[in-house]
Amino acid sequence: MRRRKQVMSNIPDDILDSIPTDEILDNISPQIGKMVFQLGTELGLSIADLENIDKCNCDLTAQSKEVLFTWRRDKLVRPTIRVLEQALVNSRKGARCLEEVVKNVHPKTLRAVETVTDRIKDNADRIIQNIQTSQILDHMMTHLVISVDDRRRIEQHAGQDDQNKALLDIVSKRREPAYSVFVDGLRIHGYEDIANDLKCASEKMGPSTTSVPDEYKGLSDRTVPSYKIRLQKNYSNIITSVKHDTIVDHLISYAVLQIGDCQKINACPSQEQKNRQLMDTLLHGNENGFTEFLNALRNDIAYTDLANRIASTEVTSTDRSNIQSCYNINKRKYEHVHETTTLLPKKTKEN
């Protein structure tokens, strides 16, 4: 038997009728405490679900997070913030913690996130089965919406389908500007039909809907140096225009690259792939590597203009914010494997 109290909510209706985002669930989870399984019952989770969550997660916050994400995945009842608020009240936790979490959330952001989530889910099969990611990743690297570490994580998957799933997961979580850059990349590189179906004519997604929980603040701060931003903003141009041989020879002679680095580069089958491997090494290196890369380019008259263009590339506050967010997200203590299941079909030194 469940006791049901009538909620006198202080949350606006347009927020209450929206589906909570990852950030909202992340921020509410640490505040649920010992009421987690009462909450799970109120949200309609089965005894089997709750026993499995209890068995697999010893930490209360992890249990709360699993309960909330399991509930949101089950679309038999639309998993709105209103439903969550009622469940919190019924479980005697109260809704004040939820009010605090959503007080600065804009309803347009929630609606846009939901719309885009649905569009990705509706087109996931086509994306997973049909696209080749290399050039799209080049495009996204150049526009600073993924990092070199993101690319590594995507490309560590052996199959193209799994790489596509990993990319979609990143795009779904990053929101703007990653989503728009991804759609533009699809259009530019031969997937115009998919791009048109993904394009949102209404509001754009905001970069986030809530702040990072206090317990995670300061854990992910990492300043990305200007030289790396300059290098990455020229990523596509470097990939498509440079012949690596003399560049690599120069970098080896100045101890920027080791023999092992050279072997990895030369093992790549195409010139563009060799350049991607070179860029991966440089973007994980230090400023001396960047300087010697420019020197190597200037040693060849064909690349002098490119070297000058890289060196003079403007680094804006937006550039810093975009690339910084990639590293901050990757360094958070919490990561969700849940959303892959939710969004994708079940198939198997500053200057």
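- Counted by atom type alone, Thr291 and Asn288 present zero donor-acceptor pairs between their side chains at under 3.5 Å.
- Side-chain contact between Val113 and Thr109 is present, with heavy atoms from C-beta onward closer than 4.5 Å.
- Between the side chain of Asp150 and the backbone N or O of Ser147 there is at least one donor-acceptor pair closer than 3.5 Å.
- Between the side chains of Asp169 and Ser172, no donor-acceptor pair of N or O atoms lies under 3.5 Å.
- The distance from atom CG of Asp13 to atom OG of Ser18, rounded to the nearest 0.5 Å, is 10.5 Å.
- At a cut-off of 3.5 Å, with distance as the only test, a side-chain donor of Arg151 or Tyr235 sits close to an acceptor on the other residue.
- Considering only heavy atoms from C-beta on, Leu68 stays 4.5 Å or farther from Lys65 through its side chain.
- Using a 4.5 Å cut-off on side-chain heavy atoms (C-beta onward), Leu43 and Thr70 make no contact.
- How far CD1 of Ile323 is from NE2 of His143: 12.5 Å, rounded to the nearest 0.5 Å.
- Between Leu278 and Leu257 there is a side-chain heavy-atom pair separated by less than 4.5 Å.
- Between the side chain of Ser64 and the backbone N or O of Ile32, no donor-acceptor pair lies under 3.5 Å.
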task: Tell me, with the steps shown, if Leu39 and Trp71 meet side-chain contact (heavy atoms from CB on, under 4.5 Å).
output: CA-CA 10 Å; Leu39 177 63; Trp71 160 70; over 6 Å; no
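- Ion pairing between Arg78 and Glu114 holds under the 4.0 Å rule for side-chain N and carboxylate O.
- Listed by first and then second residue, the salt bridge (charged side-chain N to carboxylate O under 4.0 Å, His left out) pairs involving residues 259-275 are Glu272-Arg276 (not counting sequence neighbours).
- Counted by atom type alone, Asp300 and Thr246 present zero donor-acceptor pairs between their side chains at under 3.5 Å.
- The aromatic rings of His189 and His139 lie perpendicular to each other, with more than 60° between the two planes, well past the 30° mark.
- Counting heavy atoms from C-beta outward, Leu137 and Glu155 have side chains that approach closer than 4.5 Å.
- Atoms CG and CD1, on Leu168 and Ile131 in that order, are 6.5 Å from each other to the nearest 0.5 Å.
- Minimum heavy-atom separation, Val171 to Met140: CG2-CE, 3.8 Å.
- The nearest pair of heavy atoms linking Val89 to Ala95 is CG2-CB, 4.1 Å.
- Side-chain contact annotation: Ser226 with Arg320, donor-acceptor N/O pair under 3.5 Å present.
- Counting only heavy atoms from C-beta outward, the side chains of Glu100 and Gln31 never approach each other to under 4.5 Å.
- Between Asp17 and Arg111 there is no salt bridge, since no side-chain N of the basic residue sits under 4.0 Å from a carboxylate O of the acidic one.
- Heavy atoms only, all atoms of each residue included: Arg187 and Asn196 are closest at NH2-OD1, 3.4 Å.
- Donor-acceptor pairing under 3.5 Å is recorded for the side chains of Asn90 and Gln86.
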- request: Take Asn299 and His250 through the side-chain contact (heavy atoms from CB on, under 4.5 Å) test and state the conclusion after the steps.
  value: CA-CA 9 Å; Asn299 287 339; His250 178 95; 3.4 Å; yes
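- Of all heavy-atom pairs between Gly40 and Val67, the closest is CA-CG1, 3.7 Å.
- Met141 CE to Leu144 CG: the interatomic distance, rounded to the nearest 0.5 Å, is 9.0 Å.
- Between the side chains of Asn10 and Arg96, no donor-acceptor pair is found at a separation under 3.5 Å.
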message: Assess the residue pair Asn164 and His157 against the criterion (side chain to side chain donor-acceptor pair (under 3.5 Å)); give the C-alpha distance rounded to whole Å, side-chain angles, the decisive distance to 0.1 Å, and a yes or no.
response: CA-CA 9 Å; Asn164 293 347; His157 297 283; over 6 Å; no
- request: Report the C-alpha separation of Val148 and Tyr327 in whole Å, then their side-chain angles, then the decisive distance to 0.1 Å, and conclude whether the side-chain contact (heavy atoms from CB on, under 4.5 Å) test is met.
  value: CA-CA 10 Å; Val148 64; Tyr327 287 102; 3.8 Å; yes
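- Nearest heavy atoms, Gln63 versus Phe37: OE1-CE1, 3.5 Å.
- One finds no salt bridge joining Asp122 and Arg119 here, because no Lys/Arg side-chain nitrogen approaches an Asp/Glu carboxylate oxygen to under 4.0 Å.
- For Ser29 (side chain) and Leu25 (main-chain N/O), a donor-acceptor pair under 3.5 Å exists by modelled atom type.
- For the pair Tyr254 and Asn295, the minimum side-chain heavy-atom distance is 4.5 Å or more.
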task: List the steps and the verdict of salt bridge (charged side-chain N to carboxylate O under 4.0 Å, His left out) for Glu85 and Arg82.
output: CA-CA 5 Å; Glu85 181 184 48; Arg82 189 186 300 276; 5.8 Å; no
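- Interatomic distance, OG1 of Thr133 versus CG of Asp161, reported as 10.5 Å (0.5 Å rounding).
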message: side-chain contact (heavy atoms from CB on, under 4.5 Å) for Leu110 and Ile19? Distances and angles first, verdict last.
response: CA-CA 7 Å; Leu110 289 175; Ile19 295 175; over 6 Å; no
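- In the hydrophobic clustering of this structure, Val242 groups with Ile252; members are Ile, Leu, Val, Met, Phe, Trp, Tyr whose side-chain heavy atoms approach within less than 4.5 Å, directly or through other members.
- Once rounded to the nearest 0.5 Å, the distance linking OG of Ser180 with CG of Leu198 reads 10.5 Å.
- Electrostatic pairing of Lys233 and Asp319 counts as a salt bridge here, judged by a charged N lying under 4.0 Å from a carboxylate O.
- The side chain to side chain contact (heavy atoms under 4.5 Å, CB included) test with Val248 is passed by exactly one of Thr281, Ile265, Val256: Ile265.
- Atom CD of Gln156 is surrounded by more than 12 heavy atoms from other residues, nucleotides or ligands within 6.0 Å.
- In this structure, Tyr179 and Ile120 have side chains that are in contact, with non-hydrogen atoms separated by less than 4.5 Å.
- Side-chain contact of Asp149 with His284: a donor-acceptor pair under 3.5 Å is present, judged by distance alone.
- Looking at every heavy atom in both residues, Gly289 comes nearest to Leu251 through O-CD2, 4.3 Å.
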